[in-house]
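Below: the structure, in structure tokens.
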Amino acid sequence: MPLGDPHGGLFEYTVEGLPESIFAFAIPVSDIEAALQFYCDVLGMALLGSDESRAYLRRGGCRVVLKVSEKVGVDTGVYLAVDSPYNTRRRLMDEGVEFVSDPTRTPLGVETSFLDPDRNIIHVIDAGSEFKME
């Protein structure tokens, strides 16, 4: 939408200021230490820093904020990119992680979902897939 210039000219935005990617996302947790054990030891994320109510993690381009909350056990709507949801499922099942869905083909690619220690649902999806409606 064109915006008026206080000096009488018009300026029209193109792509300035529009989102380009997700920088980070937050996941509610009841206990920072227990969550850190899962997200660092099981999912291989690196701890960037923490305090009593938040922890900041990273693996590759994925940044996660673990945030203490009374509202846990939610479907986060978060889809982590992995090389293979099948490999992720095998690996995490060996770690005792509970899965809520088997790998399934979707328009975004093959995905599967598991529970973190607070029973939040985390989804993983094949990073190399292309959108395809069948």
Side-chain angles (χ1 to χ4, degrees):
M1 169 173 17
L3 298 177
D5 181 336
H7 303 291
L10 287 178
F11 177 79
E12 190 165 329
Y13 283 111
T14 55
V15 296
E16 297 86 358
L18 299 179
E20 294 181 18
S21 67
I22 293 174
F23 182 77
F25 57 87
I27 295 176
V29 299
S30 60
D31 180 289
I32 288 287
E33 291 305 317
L36 283 174
Q37 183 176 13
F38 178 78
Y39 284 89
C40 293
D41 297 346
V42 177
L43 296 184
M45 296 188 162
L47 176 63
L48 301 175
S50 68
D51 59 30
E52 61 280 345
S53 64
R54 291 190 180 164
Y56 303 90
L57 309 173
R58 182 176 190 160
R59 178 163 175 79
C62 180
R63 297 174 191 90
V64 177
V65 178
L66 301 176
K67 185 176 177 183
V68 172
S69 174
E70 293 178 13
K71 297 178 183 178
V72 297
V74 300
D75 183 343
T76 62
V78 170
Y79 288 75
L80 301 174
V82 295
D83 67 339
S84 165
Y86 299 102
N87 290 342
T88 301
R89 182 176 167 83
R90 278 191 291 275
R91 181 180 188 137
L92 295 185
M93 286 184 84
D94 286 347
E95 295 286 338
V97 174
E98 183 181 347
F99 277 75
V100 295
S101 70
D102 293 331
T104 305
R105 182 160 303 284
T106 71
L108 291 175
V110 175
E111 67 179 62
T112 188
S113 306
F114 59 89
L115 299 173
D116 76 359
D118 283 302
R119 303 197 61 78
N120 294 310
I121 299 173
I122 308 294
H123 308 274
V124 295
I125 194 158
D126 183 353
S129 31
E130 297 288 328
F131 182 80
K132 184 167 138 183
M133 292 290 294
E134 296 184 63

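Remember, it's a predicted structure, so these values are computed and weren't measured experimentally.
Atom NZ of residue Lys67 and atom CD1 of residue Ile32 lie 11.0 Å apart, to the nearest 0.5 angstrom. Atoms NE2 and CG, from His123 and Leu108 in turn, are 11.5 Å apart once rounded to the nearest 0.5 Å. From Tyr79, atom OH reaches atom CD1 of Ile122 across 11.0 Å, with rounding to the nearest 0.5 Å. Atoms CZ and OG1, on Arg91 and Thr88 in that order, are 8.5 Å from each other to the nearest 0.5 Å. Distance OG1/Thr112 to OH/Tyr86: 9.0 Å, rounded to 0.5 Å.
Hydrophobic clustering places Phe114 together with Met93 (ILVMFWY residues linked when any side-chain heavy atoms are closer than 4.5 Å, directly or through intermediates). Linking Ile, Leu, Val, Met, Phe, Trp and Tyr whenever their side-chain heavy atoms come within less than 4.5 Å leaves Leu57 and Val65 in two separate clusters. In the hydrophobic clustering of ILVMFWY residues, with side-chain heavy atoms under 4.5 Å counting as a link, Val42 and Tyr56 come out apart. Ile121 is not connected to Met45 by any chain of hydrophobic side-chain contacts under 4.5 Å among Ile, Leu, Val, Met, Phe, Trp and Tyr, and they are in different clusters. There is no path of hydrophobic side-chain contacts, each under 4.5 Å, that joins Leu115 to Ile125.
When all heavy atoms of Ala127 and Ala81 are compared, the pair lying nearest together is CB-CB, 3.7 Å. Here the closest non-hydrogen pair linking Cys62 and Leu80 is SG-CD2, 3.7 Å. Contact record, Val72 with Ser30: CG1-N, 3.7 Å, taken as the closest heavy-atom pair. Considering every non-hydrogen atom in both Ala35 and Leu66, the closest pair reads CB-CD1, 3.8 Å. The nearest pair of heavy atoms linking Ala34 to Pro117 is O-CG, 4.3 Å.
Looking only at distances, no side-chain donor or acceptor of Arg105 sits under 3.5 Å from a matching main-chain atom of Pro107. A donor-acceptor contact shorter than 3.5 Å links the side chain of Ser101 to the backbone of Ser113. No donor-acceptor pair closer than 3.5 Å links the side chain of Ser53 to the backbone N or O of Val68.
Counting non-hydrogen atoms of other residues, nucleotides and ligands closer than 6.0 Å to CD1 of Ile22 gives a total of 12 or fewer.
The closest side-chain donor-acceptor pair between Thr76 and Asn120, if any, does not fall under 3.5 angstrom.
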- Does the pair Leu43 and Leu92 meet the rule for a side-chain contact (heavy atoms from CB on, under 4.5 Å), with working shown? CA-CA 8 Å; Leu43 296 184; Leu92 295 185; 4.0 Å; yes

Review point. Between Ser129 and Val110, is a side-chain contact (heavy atoms from CB on, under 4.5 Å) present by the stated rule, with each step listed?
Key: CA-CA 8 Å; Ser129 31; Val110 175; over 6 Å; no

Show, in sequence, the C-alpha distance, side-chain angles and deciding distance for Glu33 and Gln37, and conclude whether the side-chain contact (heavy atoms from CB on, under 4.5 Å) test is met.
CA-CA 6 Å; Glu33 291 305 317; Gln37 183 176 13; over 6 Å; no

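Annotation: side chain of Val64 is not in contact with side chain of Arg59 (no heavy-atom distance under 4.5 Å). When side chains are defined from C-beta on, Asp118 does not count as touching Phe38, because their heavy atoms never get closer than 4.5 Å.
Both cation-pi conditions hold for Arg63 and Phe23: the charged atom is under 6.0 angstrom from the six-membered ring centre and inside a 45 degree cone around its axis.
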